[in-house]
Chemist: 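Please read through the structure below; I'll follow up with questions.
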Amino acid sequence: MAKTKEITSFDKDYYEWIAELSQRYRQSKIKAAVKVNSEMLNFYWSLGKDIVEIQRMYQAVVDNGFTSFAEA
């Protein structure tokens with residue numbers, strides 16, 4: 001005769017708690033990933049802005065240098 005174990009109220013509550021805990025963990029991971037992606041996007045945006053400013057600065061130097069050189 002095989003023994004069958006009935007799921008007690010405690011067992012059921014435990015499994016429900018584990019399922020809820022797993023869901024909260026997954027949601028927290030998603031929220032963290034979104035925040036990290038947002039910060040990285042801000043970083044790359046500011047980096048691009050810096051690069052454009054530096055390019056404009058050097059272009060002005062080159063333009064003025066060639067003008068001065070042509071006049072000499």
Side-chain angles (χ1 to χ4, degrees):
M1 204 167 168
K3 287 186 176 181
T4 59
K5 181 181 176 194
E6 291 184 30
I7 296 178
T8 65
S9 175
F10 175 78
D11 291 338
K12 192 174 186 180
D13 290 343
Y14 176 76
Y15 289 123
E16 288 175 1
W17 177 75
I18 292 293
E20 178 191 343
L21 184 64
S22 297
Q23 180 64 26
R24 289 187 349 225
Y25 176 75
R26 284 190 296 274
Q27 288 173 345
S28 294
K29 281 177 58 176
I30 291 169
K31 286 180 183 179
V34 168
K35 287 181 182 182
V36 168
N37 288 342
S38 177
E39 286 301 315
M40 292 307 297
L41 182 62
N42 288 336
F43 168 74
Y44 287 124
W45 182 263
S46 68
L47 176 62
K49 183 179 170 189
D50 292 347
I51 290 170
V52 168
E53 288 176 12
I54 291 170
Q55 286 176 330
R56 287 181 182 161
M57 181 182 68
Y58 279 108
Q59 188 61 47
V61 169
V62 169
D63 290 345
N64 290 335
F66 278 106
T67 303
S68 299
F69 180 72
E71 293 173 356

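Predicted model, so just to flag it, every value in this text is computed and none were measured.
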Chemist: Tell me which pairs pass salt bridge (Lys or Arg N to Asp or Glu O under 4.0 Å) where either residue lies in residues 24-39, with sequence neighbours left out.
Modeler: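 Only E20-R24 qualify under salt bridge (Lys or Arg N to Asp or Glu O under 4.0 Å).
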
Chemist: Nearest 0.5 Å, what's the OH-NZ distance between Y15 and K12?
Modeler: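 Rounded to the nearest 0.5 Å, the OH-NZ separation comes to 13.0 Å.
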
Chemist: Can L21 be reached from Y14 by stepping across I, L, V, M, F, W or Y side chains whose heavy atoms are under 4.5 Å apart?
Modeler: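 Linked, Y14 and L21 end up in one cluster.
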
Chemist: Determine yes or no for a side-chain-to-main-chain donor-acceptor pair under 3.5 angstrom, with S38 supplying the side chain and V34 the backbone.
Modeler: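 Not confirmed, S38 side chain does not pair with V34 backbone.
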
Chemist: Mind checking whether V36 and F43 sit in one hydrophobic cluster, side chains of I, L, V, M, F, W, Y counted as touching below 4.5 Å?
Modeler: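 Result: yes, single cluster for both.
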
Chemist: Identify, with sequence neighbours excluded, every residue that meets salt bridge (charged side-chain N to carboxylate O under 4.0 Å, His left out) alongside E53.
Modeler: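 Partners of E53 by the salt bridge (charged side-chain N to carboxylate O under 4.0 Å, His left out) criterion come out as none, since no residue qualifies.
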
Chemist: CE/M40 to CG/N42 distance, rounded to the nearest 0.5 angstrom?
Modeler: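 So the CE of M40 and the CG of N42 are separated by 10.0 Å.
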
